[in-house]
Amino acid sequence: MSEIPKAYEPQSVEDKWYQFWLDRKCFTADPARVSTKRPAYSIVIPPPNVTGVLTMGHVLNNTIQDILARKARMDGREVLWLPGTDHAGIATEGVVARLLSKEEKKSKRDLGREEFIKRVWAWKEKYGGIIISQLKKLGCSCDWTRERFTMDEAYLRCVQRVFVELYKKGLIYRGKRMVNWCPATQTALSDEEVVMKEQKGSLYYFKVEVVDCSGAVSAPSPAVTDRRYNEINTTGVWLTIATTRPETIPGDTAVAVNPKDPRYAKFIGKHVVRPLPAEFPREQKLIPIIGDEHVDFEFGTGVLKVTPAHDKADFEIGQRHNLPQIDIMHPNGHMNELAGGPLNGLDRFKARKVAVELLTEMGALEKEEPYTNNVGFSERADVPIEPRLSEQWFLKYPGVEKARNCVEQADDSEGRVIRGPNPESQGLAELVPPKNGKMHFHPQRWAKVYDHWMGNIQDWCISRQLWWGHRIPVWHAVAKSNELRTFSENYPKASISKAEFWAEYSLSEIKGETSLVSVYQNRDDGETRIEVVTESEVEARKLQSMGFTQDPDVLDTWFSSWLWPFATMGWTGDKSQDSNNPTLQAFYPTNDLVTGPDIIFFWVARMIMAGYEFMEDLPFRNVYFTGIIRDKQGRKMSKSLGNSPDPLDLIGKYGADALRFGTMRSAPLGQDILFDEQNVELGRNFCNKLWNACRFRQMQGGEAQGEIDPKLLTADDKWILLKLDQAIREMDTAFVEYKFSDATATLYRFFWSEYCDWYVEASKAALGSAERGMRSAEQETRHANTVAVIDFILSHTLRLFHPFLPFITEELWHGMGYAEDMPENQGGQTIMSAPWPKPLDDDFKSHYGLTGDGEKQIEARNELVSQGRNLRRNANIAANKKVRFILKPARELAAHDIEVLRLLLNAEAVEVKTDYQPSKNTMTVRAEAGDLFLPLEGLIDVEAEMTRLKKELEKIEAEATKVEQKLANPNFTQKVPANVLEEHKQRLAEWQGKREHVKAALAALES
RNA sequence: GCGCGGUUAGCUCAGUGGUAGAGCACUACAUUGACACUGUAGGGGUCACAGGUUCGAACCCUGUAUCGCGCACCA
């Protein structure tokens, strides 16, 4: 490191060290190395979407994980940070479909399922690795040899095994239900994929005529067109109904009122004439008036139209009253023929307008009011959800109670700290087994949100009408052919709620290959159906040859993600295999999960349930929820706003370390982050400061890390050693509490303010300016000792910095020669494995004479420096002009301290005069360490100086009075603890001393 | 409607009952200095508001305002 450049150039070192770490397998976890002395530490990455590119959110998230992983390595643990990507069903299918349409003007249906999936894989091979390479640029120390993908071979087997297991237990079932249908992507969605958005729309009031009918014959099928009545009598009464969705009127099969509503109760049992479709004859549009408690008679007119096929609440009313369901829409959100001629084929929003026109034409529309309501939107496609009746696969969540109870809630007053410095383990922060096997959320308030959701959990709709994803391992056949009829007779019969009625068979007759078979009568058409579930490929082939067809749907992406913590570690579901899996045994459960609170339900909660269900243990002990990254104005970062900076640009401009440091510095626990590029600039500046501080050390020459002789230590040396000790302790606390912004604040303060601004400047007094070889023997010894202290500080500092700034610290670790003295596996090869600094213990402190008293004296002396500089400034003395100060010390100061004072005040001399009497042309200040005088050669500006002193006096008076008043209050003096009282007395004495001093100075000027 | 979080310097935020803090920004001064990606000094706050508890409140309690988020929703 002879010719180091003046400024740190990250571009020239980052790639070099990343490759160095990879070449030496520094990130590779080996379960064989795990022991009681070398405990395991593991994190699984929240797998980014294969379609993803690195965002600021990823930077935040992965920097935290990398910090945790690197810190754990330095703590001497065997670390596994397991990386990978998620196949992201809808997102990826969308990306490839758009590309297809743009480049080949084809739809996925034009290609066909098989060909389309081939294209997605090809796309994945080509572009799916982008985010991984970007994470490497950031410095992430993941074990890339274990990189996983949620659709790789082994993972596929995990998903199928889990599906079969849950099916066996009757937790996975198929059912015709109201689901959240996305008309844009044409698939069902889970409740979590729906976001409520406030919409400005209209509330339409229309009237319907009440009629008396008798002899109604209910229709055999959902279509109402066959309904017949013997008599239809007009009553002349009209009811008014308010709705936001007039286009669904053709799907109405009842009108509901609250049975307790005196206005309408009398109509229950009568019918109304549904106004649409207009061209249908009246007798085909008679729908009953029913009484249902659900109806709120405060809202609208108190009369509710009931559309069981297109509204969740209406569906339930329909179930209660056995109402027919009329589906008036195609899956793409366009109206079908049941909606009537003018609406047929129209998009649902266009249809709304037309429906209003039709109602107006027939005179049924009474009024239209502006109205704001909340509408569910498909999170990904950003279009309103259409509640739709459809047959889907559902999961009744397993392990709900266990999962719910394992997360510690805030009201648990038993200590919340779960990791603490363990004195037995050389001061390292250790994992203390959580009480009652509990899991901890950071910040803890998310536990309440989690608990609330777990308490109101609904079955999970897991099937998606997509092509890209894990295909549902279920095969169907209708027993039409003789072969299947014979087959079905050999297998158990089951009802429609058949999940519990399967039987296990080997269709292929190969040992170990099995299928779950159930046979049932379809309720709608009476046909005999056979449903077979298997995870076996052999069985699947057999099924295919027998004429079975596989369920066309795929599973929700999160149905694979929820297995991530153990599926990535090679879990098979086979107990004996898994108990011989060293990775799983060593690294599950993981220690920390770092993720955003936006996926607490999507992912975190589900992983916890899966952990209990399949591993019989929680998947992680701590969950750290990051904030959400916003721009300077507090807006969420998004592509459309264009307010999201490209992290790679920032790395190119400032360096990865700068980006990491800047991000961590502005990311307090539990708060959203307002991102400002200035933070990254600050990180860059900080790296440069570190660089130059090391450069300064290099310029001093001498051997690296020489012995420190306690006898030669200056008060400044002792002071900085104590500050280092404090910084180490603060860092440990910050890690225990997951407060990374506190950690960076500590590093910043310690290194920049305490080390560079004070210690290095003061050390120049001991280092001297003489050339090497021109120094006296005594100077030489003193110089060497100071350099040894500097090396001690720097070698510790670099290690404290390493988790945050991996690249520059590695470069300097080698450049400064600190690697050389260390054992190969403890910092000799790389700073990554250097031991994390321990707080200085009592033996160390007494050996080197480090005392709180000495620390205070240096701080008092430094205050004198600041005050003296202030005097210079007030006297308008140029910063580069050498002047003479006179010091009247409060207690004796060492010659070395006087020399430091002289240096830091840029003084020609600091003369110590215990009986100094200032002349008129002298400015002065009192500090705890003594009185400092600045005699001026010319006449001082008496007016200006008096103004300054008067202002000063005012301030002092105010402070002194405040304390005086407190002390004069007997209530205070009697009730307050002794130490506080003593402190106040001392403070008063201090202010009084200053007051006298300033008064004396004023008097001298006036004379 | 229910729940959660915020409101402290121009900005972004620390601050768990005892002298109101940091970084940035701002002003002034200093370029043969490890570093201008720098140094030194300075100005700047009624801690959202109103009550209460206390010798003492930014901090604890009650209420209000306001911003943000989550959950549940009335068609």
Side-chain angles (χ1 to χ4, degrees), chain A residues 4 6-8 196 203-204 241-245 248 256 294-307 311 313-314 317 371 373-374 376 443 445-446 448-449 452-453 456 597-598 600-601 628 630 632 634 654 658 665-666 668 670-676 678-679 681-700 739 741-742 744-745 748-749 752-753 756-757 760-761 764 769 865-867 869-874 876-881 904-906 959 962-963 966 969-977 979-981 983-984 987 990-991:
Chain A
I4 49 175
K6 246 179 137 168
Y8 172 56
M196 299 308 275
L203 194 58
Y204 303 92
I241 304 172
T243 181
T244 52
R245 300 201 63 188
T248 62
H294 169 78
V295 181
D296 174 3
F297 42 94
E298 302 277 309
F299 188 86
T301 59
V303 186
L304 171 70
K305 72 193 238 348
V306 183
T307 326
D311 183 279
D314 289 5
I317 296 176
Y371 184 68
N373 66 340
N374 287 324
R445 63 190 157 84
W446 291 108
K448 200 167 176 177
V449 177
H452 187 249
W453 187 77
N456 295 283
D598 48 335
I600 185 166
F601 310 136
I628 291 167
R630 299 171 180 282
K632 253 199 275 192
Y654 301 105
R665 200 174 168 282
S666 54
Q671 299 277 357
D672 283 357
I673 295 104
L674 299 196
F675 180 80
D676 187 339
Q678 273 188 344
N679 292 322
E681 202 178 322
L682 180 123
R684 189 260 324 251
N685 295 354
F686 188 71
C687 289
N688 194 54
K689 190 75 179 176
L690 182 59
W691 184 257
N692 275 289
C694 289
R695 206 162 79 99
F696 173 75
R697 156 64 187 95
Q698 286 304 78
M699 292 168 85
Q700 301 306 319
K739 289 188 174 169
S741 60
D742 284 12
T744 49
Y748 194 95
R749 186 209 65 231
W752 203 308
S753 309
C756 290
D757 290 349
V760 172
E761 291 310 314
K764 286 174 183 173
S769 53
V865 172
S866 297
Q867 299 277 22
R869 285 165 170 171
N870 188 342
L871 278 187
R872 290 182 59 119
R873 178 78 209 121
N874 282 316
N876 267 323
I877 294 167
N880 57 351
K881 187 173 156 66
L904 298 188
L905 283 170
N906 194 25
E959 292 296 337
K962 230 160 62 181
V963 187
K966 267 188 161 180
N969 182 355
N971 244 334
F972 176 79
T973 47
Q974 280 160 27
K975 292 187 182 172
V976 87
N979 61 326
V980 176
L981 186 63
E983 197 194 305
H984 276 77
R987 203 191 305 160
E990 219 174 281
W991 286 121

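In the text below, chain A, chain B and the rest are named by the order of the sequence lines, each starting its count at 1.
Distance noted for atom P between B:rA57 and B:rU19: 12 Å (whole Å). A gap of 16 Å separates the C1' atoms of B:rC47 and B:rC60, to the nearest Å. B:rG6 sits 14 Å from B:rA14 when the C1' atoms are compared, rounded to a whole Å. Rounded to whole Å, the C1' atom of B:rU16 lies 16 Å from the corresponding atom of B:rA20. Comparing the C1' positions of B:rU8 and B:rU12 gives a spacing of 12 Å, expressed to the nearest Å. Taking atom C1' on both B:rG33 and B:rG17, the two are 47 Å apart, rounded to the nearest angstrom. Separation of the C1' atoms belonging to B:rU62 and B:rA22 is 33 Å when rounded to the nearest angstrom. Atom name P, nucleotides B:rC13 and B:rA48: the rounded distance is 15 Å, in whole Å.
Phosphate contact (OP1/OP2 of B:rA75, side-chain N/O of A:T307, threshold under 4.0 Å): absent. Within the structure, a side-chain polar atom (N or O) of A:N870 is placed less than 4.0 Å from OP1 or OP2 of B:rG42. Between B:rA41 and A:R869, a contact under 4.0 Å exists linking OP1 or OP2 to a side-chain N or O.
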Polar atoms only, N or O, under 3.5 Å: list the protein pairs with nucleotides 1-4 of chain B and their distances.
from	atom 1	to	atom 2	distance (Å)
B:rG3	O3'	A:K448	NZ	3.4
B:rC4	OP1	A:K448	NZ	3.2

Do any N or O atoms of the protein come closer than 3.5 Å to N or O atoms of nucleotides 20-24 of chain B, and which pairs are they?
from	atom 1	to	atom 2	distance (Å)
B:rG23	O4'	A:R665	NH2	3.0
B:rG23	O2'	A:R665	NH2	3.4
B:rC24	O2'	A:Q678	OE1	2.8

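Between the side chain of A:R872 and the backbone N or O of A:A878, at least one donor-acceptor pair lies under 3.5 Å. Judged purely by atom type and a 3.5 angstrom limit, A:R695 has no side-chain atom pairing as donor or acceptor with the backbone of A:A7. Proximity of a side-chain donor or acceptor of A:R665 to a complementary backbone N or O of A:L682 within less than 3.5 Å is not detected. For A:N688 (side chain) and A:R684 (main-chain N/O), no donor-acceptor pair under 3.5 Å exists by modelled atom type.
Residues A:E959 and A:K962 form a side-chain contact, since some pair of their non-hydrogen atoms from C-beta on lies under 4.5 Å apart. With contacts defined as side-chain heavy-atom distances shorter than 4.5 Å, the pair A:I317/A:L304 qualifies. Between A:W446 and A:I600, some side-chain heavy-atom pair lies under the 4.5 Å cut-off.
Classified by interplanar angle (parallel below 30°, tilted 30° to 60°, perpendicular above 60°), the ring pair A:F299/A:Y371 is perpendicular.
Base-pairing analysis of RNA chain B finds the following stems of at least three consecutive Watson-Crick or G-U pairs, with both pairing distances under 3.5 Å: B:1-7 with B:65-71, B:10-13 with B:21-24, B:26-30 with B:38-42, B:48-52 with B:60-64.
For A:T301, the side chain to side chain contact (heavy atoms under 4.5 Å, CB included) criterion is met by A:Y205, A:T240, A:Y264, A:V303, not counting sequence neighbours. Under the rule for a salt bridge (Lys or Arg N to Asp or Glu O under 4.0 Å), A:R873 has no partner lying at least two apart in sequence or in another chain. Remark: A:F686 engages A:F661, A:Y748, A:F801 in a ring pair (Phe, Tyr, Trp, His ring centres under 6.0 Å) (not counting sequence neighbours). Under the rule for a side-chain hydrogen bond (donor to acceptor under 3.5 Å, both in side chains), the partners of A:Y654 that lie at least two apart in sequence or sit in another chain are A:E677. The side chain to side chain contact (heavy atoms under 4.5 Å, CB included) search around A:A879 returns none, not counting sequence neighbours. Listed by chain and residue number, nothing satisfies the side chain to side chain contact (heavy atoms under 4.5 Å, CB included) test with A:E990 (two or more places apart in sequence, or in another chain). Listed by chain and number, the residues in a side-chain hydrogen bond (donor to acceptor under 3.5 Å, both in side chains) with A:K689 amount to none (sequence neighbours excluded). With sequence neighbours excluded, the residues forming a ring pair (Phe, Tyr, Trp, His ring centres under 6.0 Å) with A:F972 are A:H984, listed by chain and number.
Put simply, CG on A:N679 is 16 Å from P on B:rC11, counting in whole angstrom units. Between A:F972 atom CZ and B:rG56 atom C1' there is a gap of 7 Å when expressed in whole angstrom units. The nearest whole Å value for the distance from the CZ atom in A:R872 to the P atom in B:rG42 is 14 Å. We find that CZ of A:F601 is positioned 12 Å from C1' of B:rA72, with the value rounded to whole Å. In this structure, the CG atom of A:L904 is 10 Å from the P atom of B:rU40, given to the nearest Å. Look at CD1 on A:I600: it is 10 Å from C1' on B:rG70, rounded to the nearest Å. A:K975 places its NZ atom 3 Å from the P atom of B:rC55, with the value rounded to the nearest Å. At whole-Å resolution of the value, NZ in A:K966 and C1' in B:rG18 are 5 Å apart.
Backbone-only contact: A:N969 has heavy atoms under 4.0 Å from sugar-phosphate atoms and none from a base. Here A:P977 lies in heavy-atom contact (under 4.0 Å) with a base. Residue A:T973 is out of contact with every strand shown, counting any heavy-atom pair closer than 4.0 Å. Contact annotation for A:Y204: no contact, since no heavy-atom pair falls under 4.0 Å across all strands.
With B:rU19, B:rA28, B:rA75 as the choices, the nucleotide that has an atom nearest any side-chain atom of A:Y371 turns out to be B:rA75.
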Under a 4.0 Å heavy-atom criterion, the protein footprint on nucleotides 33-39 of chain B, written with B, S and -, is -BB-BSS

